[in-house]
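Beneath this line is the structure, given in structure tokens, with notes to follow.
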Amino acid sequence: MRRLFPVTEETAARTPDEAGGGADAAGPRVPGAGAADREWSLAELAAAYAYPAPGPGGREPWLRANMVSTLDGAAQHEGRSQPISSDADMRIFGTLRGLADVVVVGAETVRQEGYRPARARDAFAEARRAAGQTPAPAVAVVSAGLDLDFALPLFTSPLTPTLLLTGAAAPADRVAAAEKAGARVVIAGDGAGVDPARAVRALADLGLTRLLTEGGPRLLGQLIAAGVLDELCLTVSPMLTAGDAQRIAGGPPVAAPERFELVSLLEEAGFLFGRYRRT
């Protein structure tokens with residue numbers, strides 16, 4: 001990351017010394033503070049995107065989404081997000097995965113994006129051990145029909161076993177095939193589909209409270225409509241695609257728009273990386 005834009009009265013009022021030292025401090029700089037722009041380290045990104053600390057009653061589930069959108073609102077180009085991404089976007093993508101217990105993703109996104117198991121990264125190994133996390137986050141696939149290829153590496157060779165979130169009415173033969181492949185099937189709905197609130201609670205019951213979803217748009221829309229999304233990390237790509245690509249969230253509209261507040265904003269090469277929290 002090249003720049004950090006302060007977005008609160010507290011951060012806007014801080015001097016470079018209050019932010020952690022003078023010209024020789026190791027932390028990121030605010031524009032205008034007399035320091036040259038530079039790339040943030042992974043450790044600095046991890047601190048900037050840290051999950052909330054546990055409350056008095058212990059750690060509660062916190063669900064954040066990480067999505068990318070062009071200037072004209074496209075979440076994909078030709079069905080994939082990679083063409084509208086950047087190296088900096090992928091650094092944040094990797095950081096968010098490095099902090100998460102579990103990555104929640106829709107079945108269609110698994111098929112379109114060719115999802116593979118999350119990998120362990122040396123940069124996060126010590127912090128994950130200290131936090132009691134597995135070496136790499138689990139991937140939890142949300143699917144009603146379980147129409148997935150269980151011969152894919154996501155199911156056959158994950159470092160942390162892949163989870164399947166589905167409903168009680170999921171096809172029994174597909175449940176059996178998933179379990180035979182090594183996946184853990186988690187029931188999170190009474191019918192064929194998944195109840196988003198129940199899915200979040202089911203993951204928390206497994207000790208997975210630092211939740212990250214990478215979509216797709218249909219799943220994100222369901223999470224928004226259910227009121228379970230706590231945070232959105234949104235990359236705004238300085239690109240225009242036109243066409244009829246999906247937005248970052250789809251599905252039926254909510255009854256009333258839900259307000260989120262901007263808590264940080266990074267910029268590199270025209271890409272903006274915003275972090276928004278529920279007010």
Side-chain angles (χ1 to χ4, degrees), residues 1 40-67 89-106 109-110 113 115-142 152-166 178-179 181-188 194 196-215 219-220 223 228-233 235 263-264 273 275 277-278:
M1 297 301 94
W40 281 32
S41 70
L42 287 178
E44 288 168 336
L45 284 176
Y49 283 92
Y51 280 84
R59 181 173 290 280
E60 289 293 319
W62 183 270
L63 175 61
R64 65 166 41 138
N66 182 32
M67 302 293 285
D89 185 43
M90 295 310 298
R91 281 172 61 81
I92 289 181
F93 174 93
T95 298
L96 295 181
R97 281 195 164 198
L99 297 171
D101 294 332
V102 60
V103 178
V104 185
V105 63
T109 297
V110 168
E113 300 276 358
Y115 257 61
R116 299 184 64 83
R119 60 187 179 90
R121 302 184 65 183
D122 291 342
F124 298 101
E126 184 176 348
R128 292 186 69 86
R129 281 195 298 269
Q133 295 174 294
T134 55
V139 174
V141 183
V142 178
L152 293 175
L154 179 62
F155 301 102
T156 62
S157 57
L159 191 58
T160 304
T162 295
L163 305 172
L164 281 171
L165 295 167
T166 192
E179 292 177 336
R184 179 171 183 176
V185 177
V186 178
I187 302 301
V194 171
R198 186 168 166 182
V200 168
R201 178 49 56 190
L203 292 172
D205 288 345
L206 295 175
L208 307 174
T209 57
R210 304 169 185 89
L211 279 61
L212 169 66
T213 181
E214 296 166 354
L219 175 59
L220 182 56
L223 297 171
V228 296
L229 185 69
D230 298 298
E231 180 179 325
L232 173 64
C233 298
T235 297
V263 294
S264 69
F273 306 93
R275 186 180 179 191
R277 285 185 178 177
R278 185 200 311 276

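What you see is a predicted model, and the numbers here were worked out from it, not measured in a lab.
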Say you draw a straight line from CG of Leu212 to CG of Leu99; how long is it, rounded to the nearest 0.5 Å? 9.0 Å

Of all heavy-atom pairs between Ala188 and Leu165, which one has the smallest distance, and what is that distance? CB-CD2, 4.5 Å

Would you say Arg128's side chain and Thr134's backbone share a donor-acceptor pair under 3.5 angstrom? yes

Assess the residue pair Arg184 and Leu206 against the criterion (side chain to side chain contact (heavy atoms under 4.5 Å, CB included)); give the C-alpha distance rounded to whole Å, side-chain angles, the decisive distance to 0.1 Å, and a yes or no. CA-CA 11 Å; Arg184 179 171 183 176; Leu206 295 175; 3.3 Å; yes

In terms of heavy-atom contacts, Ala140 and Leu203 come closest through CB-CD2, 4.4 Å

Could you walk me through whether Leu63 and Leu223 satisfy the side chain to side chain contact (heavy atoms under 4.5 Å, CB included) test, starting with their C-alpha distance in whole Å, then the side-chain angles of each, then the deciding distance to 0.1 Å, before giving a yes or no? CA-CA 9 Å; Leu63 175 61; Leu223 297 171; 4.0 Å; yes

Residues Pro117 and Pro153: closest non-hydrogen pair is CG-O, 3.2 Å

Pairs flagged by side chain to side chain donor-acceptor pair (under 3.5 Å) wherever residues 200-215 is involved - sequence neighbours left out: Arg97-Glu214, Asp101-Arg210, Tyr115-Glu214

Taking all heavy atoms of Thr235 and all of Phe273, pick out the closest pair and write down the distance. OG1-CD2, 3.3 Å

For a side chain to side chain contact (heavy atoms under 4.5 Å, CB included) check, start with the C-alpha distance between Leu154 and Val141, then their side-chain angles and the critical distance, and finish with the verdict. CA-CA 10 Å; Leu154 179 62; Val141 183; 4.1 Å; yes

Please give me the minimum heavy-atom distance between Leu219 and Val105, naming the atom from each residue. CD2-C, 3.7 Å

Measure the SG-CD1 distance between Cys233 and Ile92 for me, rounded to the nearest 0.5 Å. 8.0 Å

Quick one: does any side-chain atom of Asp230 pair with a main-chain N or O of Arg64 as donor and acceptor, under 3.5 Å? no

Just verifying a value: how many Å separate Ile187 CD1 and Arg198 CZ, rounded to the nearest 0.5 Å? 8.0 Å

Report the C-alpha distance between Arg121 and Leu42 in whole Å, list the side-chain angles of each, state the deciding distance to 0.1 Å, and finish with yes or no for side chain to side chain contact (heavy atoms under 4.5 Å, CB included). CA-CA 11 Å; Arg121 302 184 65 183; Leu42 287 178; 3.9 Å; yes

Side chains of Leu163 and Leu208 in contact at under 4.5 Å (non-hydrogen atoms): yes

Closest non-hydrogen contact found for Ala136 with Leu159 is CB-CD2, 3.8 Å

When you measure from the side chain of Thr162 to the backbone N and O of Ala183, does any donor-acceptor pair fall under 3.5 Å? no

Residue that, paired with Glu231, satisfies side-chain hydrogen bond (donor to acceptor under 3.5 Å, both in side chains) out of Tyr51, Tyr49, Trp62: Trp62

Expected output: side-chain Arg275 to main-chain Ala48 donor-acceptor under 3.5 Å: yes

Ignoring hydrogens and angles, tell me if any N or O in the side chain of Gln133 forms a donor-acceptor pair with the backbone of Gly98 under 3.5 Å. no

